[in-house]
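Count residues from 1 along the sequence. One-based numbering, in listed order, for ligands and for the atoms of each. What you see is a predicted model, and the numbers here were worked out from it, not measured in a lab.
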Amino acid sequence: MRASEIRALFSVANRPEVVSLAGGMPYLEGLPLDVIAETMQRLIATKGTTALQYGSGQGEESLREHITQVVALEGVSAHPDDVVVTTGSQSALDLVTRIFVDPGDVVLAEAPSYVGALGVFRSYQADVVQVPLDADGLVPAELDATLTRLAGEGRRVKFLYTVPTFQNPAGVSLSAERRPQVLEICRRHGVLVVEDNPYGLLGFDDEPLPALRSYDTDGVLYLGSFSKTFAPGYRVGFVIAPHAVRDKLVLASESAVLSPSNASQLAVATYLETCDWKAQIKAYRELYRERRDALVGALGEHLPGASWNVPRGGFFVWVRLPEGLDARAMLPRAVTARVAYVPGTAFYFDSRGADHMRLSFCFPTPERIREGVRRLAGVVNGEAEL
Ligand code: PMP
């Protein structure tokens with residue numbers, strides 16, 4: 001395991017005077033906290049001895065039932081028996097890696113990929129091979145060529161880890177045309193797909209894209225989370241898996257935590273049962289769309305030398321810096337100028353990525369986002385002149 005080299009800077013980045021475009025924290029002031037408080041009080045009053053007790057390794061059945069309704073919005077048809085509840089999807093990533101990966105095995109991921117997943121893969125001594133993505137997500141021809149090359153070298157590829165919708169950090173989605181192609185390639189090479197989909201319901205314009213799992217139930221493990229559509233503090237995520245894998249996941253989860261928190265699971269189940277969760281997701285979408293617009297607008301105004309994608313959902317904009325600039329080297333100066341971001345290097349297993357930065361628009365208000373980009377532009381334009 002390795003501490004992130006940018007961690008020390010983040011304690012500074014979290015100071016109130018710094019505009020943080022770094023973290024991916026959802027904006028919880030968008031939640032009806034009074035309604036949730038009432039619901040939680042009722043939960044403890046009526047089901048306190050269950051909520052505060054140990055639970056099952058697979059997770060609370062009423063929650064697993066609700067989960068099947070949530071994932072149906074992305075075309076996934078699942079039975080409560082297919083679901084394993086985990087402590088956030090981060091713990092799902094850890095359990096999946098624990099059951100599949102031996103030291104030296106290859107895990108495929110997108111280039112760039114979610115920093116928290118790369119950390120898990122590293123901790124199990126996987127060798128991560130990253131496959132390029134473009135504006136339409138993972139590039140199928142590159143995936144096929146990489147798998148063919150690895151097979152030729154006699155390497156064991158355990159799974160493809162992908163965030164197909166509103167990717168972290170690149171903000172792009174795998175297009176509807178490419179989805180079956182990616183699955184066909186993985187099936188042909190005998191490689192499992194781990195689909196990590198915490199942002200899928202946070203699209204700004206369109207209907208949700210069908211999840212990869214909606215095309216293929218044997219070859220895809222689906223990881224979901226309530227962190228972005230409700231609240232991360234409960235730490236409730238889940239895996240939908242074929243039963244042979246599900247059984248191993250339950251054993252691994254029991255070994256790690258005995259059972260995920262019953263209090264959290266019942267809290268989320270009660271929220272889904274008694275609150276208008278679809279309206280909440282819609283409210284989040286509108287809030288984040290406005291912030292995306294603020295960020296992209298401010299970039300256009302202040303950083304014309306850089307280039308970026310305009311994400312259609314999720315939390316992130318992936319910015320390519322003007323030629324010759326190094327996002328990692330620049331970060332201390334940015335923090336001094338009271339703005340923070342994550343340098344692109346965090347999202348690669350090797351040392352690439354210094355020419356990019358990830359900017360999150362989820363937490364700061366539109367006003368603060370514009371101020372943050374003004375500060376960032378001061379630093380970038382100053383560097384460019386050096
Ligand atoms: N996967 C991705 C792609 C993420 O962005 C995150 C959170 N930043 C996670 C997994 C973990 O989320 P959680 O454990 O809160 O469900």
Side-chain angles (χ1 to χ4, degrees), residues 4 6-7 10 20-28 31 59 63 67 70-71 74 83-98 107-123 128 130 133 137-138 159-174 193-203 209 211-213 221-240 249 253 256-257 260-261 264-265 267-268 281 284 288 311 313-318 341-342 346-348 358-363:
S4 152
I6 51 176
R7 204 145 132 191
F10 278 150
S20 181
L21 303 172
M25 291 194 303
Y27 187 69
L28 298 186
L31 281 174
L63 175 61
I67 286 170
V70 175
V71 296
E74 291 171 287
V83 182
V84 180
V85 181
T86 57
T87 305
S89 54
Q90 190 64 32
S91 132
L93 275 169
D94 187 85
L95 298 174
V96 167
T97 312
R98 185 200 288 214
V107 169
L108 293 186
E110 286 135 352
S113 185
Y114 168 51
V115 56
L118 296 180
V120 171
F121 303 149
R122 184 176 284 118
S123 77
V128 177
Q130 293 184 270
L133 48 68
L138 195 63
F159 55 78
L160 165 70
Y161 167 73
T162 174
V163 184
T165 308
F166 314 132
Q167 206 247 13
N168 179 1
V172 299
S173 295
L174 187 63
V193 176
V194 175
E195 172 180 34
D196 186 11
N197 190 31
Y199 304 102
L201 294 177
L202 293 178
L209 279 159
L212 295 176
R213 169 95 192 169
L221 299 187
Y222 178 99
L223 274 50
S225 174
F226 290 100
S227 290
K228 316 292 154 79
T229 50
F230 178 28
Y234 289 114
R235 309 303 301 124
V236 175
F238 54 91
V239 186
I240 300 176
L249 282 171
S253 182
V257 296
S261 159
S264 283
Q265 292 182 80
V268 174
I281 292 177
Y284 271 139
Y288 294 134
F315 285 3
F316 309 109
V317 173
W318 183 235
Y341 57 83
V342 184
F347 307 99
Y348 288 89
R358 188 193 74 179
L359 301 181
S360 322
F361 50 83
C362 42
F363 195 75

[X] heavy atoms, cut-off 4.0 Å: which ligand 1 atoms fall inside?
X	result
S225	13 (P), 16 (O)
G88	14 (O), 16 (O)
R235	13 (P), 14 (O), 15 (O)

> Hey, is P198 one of the residues with a heavy atom under 4.0 angstrom from ligand 1?
Replying inline: yes
> Does D196 reach ligand 1 with a nitrogen or oxygen that is under 3.5 Å from one of the ligand's nitrogen or oxygen atoms?
Replying inline: yes
> Does N168, backbone or side chain, put an N or O under 3.5 Å from an N or O of ligand 1?
Replying inline: yes
Distance to 0.1 Å, residue and atom name: give those for the protein heavy atom nearest to [atom].
atom	result
atom 8 (N) of ligand 1	K228 NZ, 3.1 Å
atom 9 (C) of ligand 1	Y114 OH, 3.4 Å
atom 15 (O) of ligand 1	S227 OG, 2.6 Å
atom 12 (O) of ligand 1	S89 OG, 3.4 Å
atom 5 (O) of ligand 1	Y199 OH, 2.6 Å

> What are the two closest non-hydrogen atoms of A109 and V128, and how far apart are they?
Replying inline: CB-CG1, 4.1 Å
>> Quick check: closest heavy atoms across A111 and Y348, and the distance to 0.1 Å?
In response: CB-CE2, 3.8 Å
Please confirm whether the backbone N or O of [Y] pairs with a side-chain atom of [X], one donor and one acceptor, at under 3.5 Å?
X	Y	result
E195	R213	yes
Q90	G116	yes
S20	A22	yes
E110	L133	no

> Going by the angle between their ring planes, with limits at 30° and 60°, are F238 and Y222 parallel, tilted or perpendicular?
Replying inline: parallel
> For F166 and F315, what are the C-alpha separation, side-chain angles and deciding distance, and is it a ring-ring contact (aromatic ring centres under 6.0 Å, His included)?
Replying inline: CA-CA 8 Å; F166 314 132; F315 285 3; over 10 Å; no
